[in-house]
Amino acid sequence: MPAGNNLDDIVNFPMVTMILPVYNAESYIKSTFKFVLNQTYKNLKIIVVDDGSDDKSLSILEKLSQNDKRVTILSKKNGGLSSARNYALNYVSSEYVTFVDSDDYIDTDYVTKLIEPFLINSKVAISLVKYIRTSSYVADGFSSKDKTEFLKRDAGFNKCLLQSKGYDVSAWAKMYKTKLFAKNKYLNGITYEDLEIIPKLFAEINQDEMIAYVNATKYQYIKTPNSIITGTFQKRDLDILPIVHNGVRLVEQKMPNVREAYFAKAIAATFSVYRKAIRGNATKNEKNKIFDTLKWLTKQINIRKEITKKEILVSFLVILGEKYSTPLVKLISKLLKEG
């Protein structure tokens, strides 16, 4: 199989579909969408879903993609990110699919680097590239290292959950065999939808199938003042509680070898919500619910060599109790420049 840029010059490689949900993105879609259109991989279909925008997003997209046969623009009533992704999945006929968020940036060979592992190893079910989190586009933020690590399902999911060196559980910065979504769709109307679906997708993979980690940064995630992490607390943030409870059950039943890594990720995600609740306008009852979940999660930790620093920190805060740990949680948020 040709490697590197050679792959971009051949049109008889598998079709890949890229899904791009868009909602009220007129202030940035012109710059971010150009990176999508500049993809060097030839056999590419781009499905854009305008999720009921009431600004000029749709007209900008139509103008930018005029006469570009790769692009299909779909319009629907506003239903949220999950709804838009699911809507697009109904139109995917290719064997491989990848997602990009409308306010993020991808390198021109984003698709190329993600498809290469599938062509090298037929057992690959998901491939990942690295990402960086930044407040604005970084001209030299991409890297082009070519080393790829192939891991069996459980080891691959462990690495993903532990967010090892630039990888994450997000929908983007990955390519999937489309068949993984046959029985699994993003849950509409919730926050943290990526964490909700990711265990289900990995559970669809056979234990001897592979997860490919490409050692190259090809995605720039743009963090905003009102992002899911740094924004103010809202009642929908409580979605994290049933997500981690259901995730624990699924992992223990179908992928027990990733149990410890899943708890590490669940604790990190729930603690992020707890910080929002402490510095925001959450009610006492809401804060109690989140703290109780943290208490339950930390009790499930098995002491092991690779226990994460965040697990140790949260366990310490739980021992202190809700009242005495609150000042420390506020300090941590301040140090992280949240809120």
Side-chain angles (χ1 to χ4, degrees), residues 23-24 51-52 78-84 101 103 133 135 161 163 168-171 186-200 221-252 262-301 308-339:
Y23 175 70
N24 286 355
D51 190 35
N78 179 249
L81 182 58
S82 292
S83 174
D101 282 359
D103 53 349
R133 181 179 291 146
S135 57
L161 288 166
Q163 298 177 269
D168 201 359
V169 298
S170 55
Y186 288 91
L187 196 58
N188 289 333
I190 67 164
T191 311
Y192 311 103
E193 65 282 335
D194 292 352
L195 182 58
E196 192 277 335
I197 197 174
I198 199 74
K200 296 177 180 178
Y221 167 72
I222 307 302
K223 57 184 180 180
T224 62
N226 294 315
S227 73
I228 198 170
I229 295 173
T230 60
T232 58
F233 178 83
Q234 298 184 39
K235 189 171 287 289
R236 65 181 186 177
D237 284 305
L238 294 176
D239 291 341
I240 195 67
L241 306 184
I243 286 172
V244 298
H245 279 275
N246 293 335
V248 166
R249 281 197 293 271
L250 185 146
V251 164
E252 289 185 333
Y262 185 82
F263 271 104
K265 177 59 184 175
I267 287 169
T270 307
F271 185 51
S272 292
V273 173
Y274 188 60
R275 297 197 303 273
K276 289 178 70 174
I278 290 296
R279 67 176 186 265
N281 57 350
T283 66
K284 187 176 188 303
N285 183 51
E286 288 167 340
K287 287 184 277 192
N288 288 343
K289 284 182 178 179
I290 304 169
F291 192 81
D292 286 345
T293 298
L294 285 173
K295 203 185 305 184
W296 173 72
L297 288 168
T298 55
K299 284 182 180 178
Q300 313 303 314
I301 297 173
T308 66
K309 293 177 181 178
K310 194 160 287 185
E311 287 176 286
I312 295 170
L313 171 63
V314 175
S315 296
F316 173 68
L317 295 173
V318 165
I319 291 170
L320 281 181
E322 197 170 347
K323 178 181 176 181
Y324 295 105
S325 65
T326 296
L328 284 175
V329 174
K330 289 181 178 179
L331 177 61
I332 291 167
S333 274
K334 187 175 181 180
L335 293 172
L336 293 173
K337 297 180 181 180
E338 297 174 336

**Q** Mind listing the closest non-hydrogen atom pair of S135 and I222 along with its distance?
**A** O-CG2, 3.6 Å
**Q** Before giving the answer on side chain to side chain contact (heavy atoms under 4.5 Å, CB included), spell out for Y23 and N78 the whole-Å C-alpha distance, their side-chain angles and the decisive distance to 0.1 Å.
**A** CA-CA 8 Å; Y23 175 70; N78 179 249; 3.4 Å; yes
**Q** How are the rings of Y274 and F291 set relative to one another: parallel (under 30°), tilted (30 to 60°) or perpendicular (over 60°)?
**A** tilted
**Q** So how far is it from R275 CZ to I290 CD1, rounded to the nearest 0.5 Å?
**A** 11.5 Å
**Q** I need the single residue from D101, L195, D194, I198 that forms a side chain to side chain contact (heavy atoms under 4.5 Å, CB included) with S170. Which is it?
**A** D194
**Q** Working to the nearest 0.5 Å, report the span between CG of D168 and CZ of R133.
**A** 7.0 Å
**Q** Crowded around K289 NZ? As in, over 12 foreign heavy atoms under 6.0 Å?
**A** no
**Q** For residues T308 and A264, report the shortest heavy-atom separation together with the two atoms involved.
**A** CG2-CB, 4.1 Å
**Q** Side chains of residues 315-331: which donor-acceptor partners sit under 3.5 Å, not counting sequence neighbours?
**A**
| unit_1 | atom_1 | unit_2 | atom_2 | d |
| --- | --- | --- | --- | --- |
| S315 | OG | E311 | O | 2.7 |
| S325 | OG | G321 | O | 2.8 |
| S325 | OG | E322 | O | 3.4 |
| T326 | OG1 | E322 | O | 2.7 |

**Q** Under a 4.5 Å cut-off applied to non-hydrogen side-chain atoms, are E196 and N246 in contact?
**A** no
**Q** Quick one: closest heavy-atom pair of L250 and P199, and the distance?
**A** CD2-O, 3.7 Å
**Q** Which atoms form the tightest heavy-atom contact between A266 and V244, and what is the distance?
**A** CB-CG1, 3.8 Å
**Q** Measure the spacing between CD1 of I267 and OG1 of T293 and express it to the nearest 0.5 Å.
**A** 11.0 Å
**Q** Test side chain to side chain contact (heavy atoms under 4.5 Å, CB included) on T191 and I240 and set out the steps.
**A** CA-CA 7 Å; T191 311; I240 195 67; over 6 Å; no
**Q** For the residue pair Y262 and E252, establish whether any side-chain heavy-atom pair is separated by less than 4.5 Å.
**A** no
**Q** Could you tell me which non-hydrogen atom of D239 sits nearest to which non-hydrogen atom of G189, and how far apart they are?
**A** OD2-O, 4.2 Å
**Q** Between atom NZ of K310 and atom CD of Q163, what is the distance when rounded to the nearest 0.5 Å?
**A** 7.5 Å
**Q** Under the 3.5 angstrom rule, does the side chain of T298 hit a backbone N or O of K295 as a donor-acceptor pair?
**A** yes
**Q** So how far is it from R279 CZ to K334 NZ, rounded to the nearest 0.5 Å?
**A** 13.5 Å
**Q** Would you sort out whether L313 and I332 count as a side chain to side chain contact (heavy atoms under 4.5 Å, CB included), showing the intermediate values?
**A** CA-CA 11 Å; L313 171 63; I332 291 167; 3.8 Å; yes
**Q** Using distance alone, with no hydrogens and no angle criterion, decide if Y192 and D237 have a side-chain donor and acceptor under 3.5 Å apart.
**A** yes
